Amino acid sequence: MFKTLEECLQHASDKMADAVNSVMVEFNLAQGNNFESCDMLQQAYNAMALYVTENEHWDKAKALDIADKNEDRLDPVVIDQMPKDFSQEDADICNNVMHIIHSEAEKSAEINMHKQSIVDLAYVRKQMHDISDHYFEAGHDFEVNDYADPYEFITGTDAVPAAADKVIHQFFDKFDDIAIDVGVSWGLTDRDYRNGIGEDVSITAYGVTPESVKQAIDKFDAYIESGEYEKDVKAEQTKIKQKEAVQSPFYEPEDIVGDSNGPQYEETYTNTEADIRDQEEMQQEIDDDYER
């Protein structure tokens, strides 16, 4: 694997060289502004990702037609510069280029171009293959009060509870070929939420293949049914509340160097007896809510 885009260009085939050069130009522009604006780079990245994932199904004419209709997701110039036919050698160069770009964007700006590309190509490939909306994506709803956060009643205007959002993303981050959107449903209740029914946490999973999407959703279902999801969210909620307590302006840390026997919020803080009682009461509240 080559370490720089310049090396990739030197070893690219004549048919792929122009595409690599165009992607390099977008990368240098994005890198020059610290990746504050990298939409054009993402679209160029997606063009290479499409070539790689289509492999033997690659149809340049169809890809170019789709790119012209989806310029917000796919760079038609880079598509036009791609080889007419698929070759593994050209795909390897594309993979190398994408790896360098993804690594630098993530290191410099914490931007995950790979995950965004999965989402973008889910839309593009549905059009290319004239397939249904749920071929490369699948929805998944579950009741927030049952699984996500016992403290919060959410409506369609609320954000996903922080503890649930973190645990959900941690679970799906294990799948390299899956990207997700997490939100809140809208429409389970009346307009003013007078009937007391909360909305659902809603997950949309995007994948390179329909099989990968189904596998990820099935594993998430099993995760919920095992009870581990509930435990993880409960633990994360406790961490959030402890952190909020430490950051409160009313919290007064005590300096007791060398005392490591008592439970602590942070390494540099210790709990007073009142704090410990508050923790115990908070934990009891959590347990009571889950038992209802």
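Computed over heavy atoms, backbone and side chain alike; hydrogens, waters and symmetry mates excluded. This one's a predicted model, so the numbers in the text were calculated from it and none came from an experiment.
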Take atom CG of Asp14 as the centre, draw a 6.0 Å sphere, and report whether it contains more than 12 heavy atoms from other residues, nucleotides or ligands. no

Mind checking whether His11 and Phe2 have parallel, tilted or perpendicular rings, split at 30° and 60°? parallel

Leu9/Met24 under side-chain contact (heavy atoms from CB on, under 4.5 Å): CA gap, chis, key distance, verdict: CA-CA 9 Å; Leu9 180 58; Met24 280 180 58; 3.9 Å; yes

Least distance between heavy atoms, Met82 atom then Ala47 atom: CE-O, 3.6 Å

With no hydrogens and no angle check, is any side-chain donor or acceptor of Ser22 less than 3.5 Å from a backbone partner on Asp18? yes

What heavy-atom pair brings Ile111 and Cys38 nearest, and what distance separates the two atoms? CD1-SG, 3.8 Å

Can you tell me how the ring of Tyr123 sits relative to the ring of Tyr206, calling it parallel under 30°, perpendicular over 60° and tilted otherwise? tilted

Any idea which heavy atoms bring Ala179 and Val119 closest together, and the distance? CB-CG2, 3.6 Å

Rounded to the nearest 0.5 Å, how far does CG of Asn21 lie from CD of Gln81? 8.0 Å

Backbone N or O of Glu36 within a donor-acceptor pair of the Asn34 side chain at under 3.5 Å? no

Please check this pair: side chain of Glu7 against backbone of Lys3, looking for a donor-acceptor N/O pair closer than 3.5 Å. yes

Count the heavy atoms belonging to other residues, nucleotides or ligands that lie under 6.0 Å from NZ of Lys60, then report whether that count exceeds 12. yes

Atom CG in Leu74, atom CG in Asp120: separation rounded to 0.5 Å? 8.5 Å

Evaluation steps, side-chain contact (heavy atoms from CB on, under 4.5 Å), between Asp221 and Ile217: CA-CA 6 Å; Asp221 281 335; Ile217 290 294; 4.0 Å; yes

Tell me if the aromatic rings of Tyr45 and Phe27 count as close, with their centers under 6.0 Å from one another. no

Is it the case that more than 12 heavy atoms not belonging to Glu56 sit under 6.0 Å from its CD atom? yes

Just wondering, do Glu26 and Ile101 contact through their side chains at under 4.5 Å, heavy atoms? no

Report whether Met40 and Ile79 are members of the same hydrophobic cluster (ILVMFWY, side-chain heavy atoms less than 4.5 Å apart, transitive linking). no

Would you find a donor on one side and an acceptor on the other, under 3.5 Å apart, between the side chain of Trp58 and the backbone of Pro83? yes

What's the spacing between Asp39 CG and Arg73 CZ if we round to 0.5 Å? 11.5 Å

Interatomic spacing from NZ in Lys62 to CD in Glu54 - rounded to 0.5 Å: 8.5 Å

Looking at every heavy atom in both Ala49 and Leu121, which two are closest together, and how far apart are they? CB-CD1, 3.7 Å

Looking only at heavy atoms, which two atoms of Tyr51 and Cys94 are closest? And how far apart? CD2-SG, 4.1 Å

Do the side chain of His102 and the main chain of Met98 share a donor and acceptor less than 3.5 angstrom apart? no

Closer than 3.5 angstrom, by distance alone: can the side chain of His169 be matched with the main-chain N or O of Asp165 as a donor-acceptor pair? yes

Dump the intermediate steps for side-chain contact (heavy atoms from CB on, under 4.5 Å) on Lys243 and Lys239, then the final yes or no. CA-CA 6 Å; Lys243 185 175 181 180; Lys239 290 179 184 178; over 6 Å; no

Between the side chain of Asn70 and the main-chain N/O of Ile66, is any donor-acceptor distance below 3.5 Å? yes

Got a second to check how far Ile118's CD1 is from Thr53's OG1, nearest 0.5 Å? 10.0 Å

Flag side-chain contact, heavy atom, 4.5 Å: Asp92 against Glu89: no

Could you measure the distance from the CG atom of Asp232 to the CD atom of Gln237? Nearest 0.5 Å is fine. 13.0 Å

Could you walk me through whether Tyr229 and Val233 pass the side-chain contact (heavy atoms from CB on, under 4.5 Å) test, one step at a time? CA-CA 6 Å; Tyr229 172 82; Val233 173; 3.5 Å; yes

Check for me, please, whether Phe175 and Ile203 land in the same ILVMFWY cluster - side-chain distances under 4.5 Å, paths through other members count. yes

Minimum heavy-atom separation for Ile240 and Ala162, please, with both atom names. CD1-CB, 3.9 Å

Sidechain-backbone polar pair: Gln43 side chain, Asp72 backbone, donor-acceptor under 3.5 Å: yes

Any donor-acceptor N/O pair, Ser103 side chain to Ile100 backbone, under 3.5 Å: no

Can Gln42 and Asn46 be said to form a side-chain hydrogen bond (donor to acceptor under 3.5 Å, both in side chains), step by step? CA-CA 6 Å; Gln42 183 71 63; Asn46 291 348; 3.0 Å; yes

Main-chain N/O of Ile178 paired to Lys115 side chain as donor or acceptor, under 3.5 Å: yes

Would Phe86 end up clustered with Val97 when hydrophobic side chains under 4.5 Å apart are linked, directly or stepwise? yes

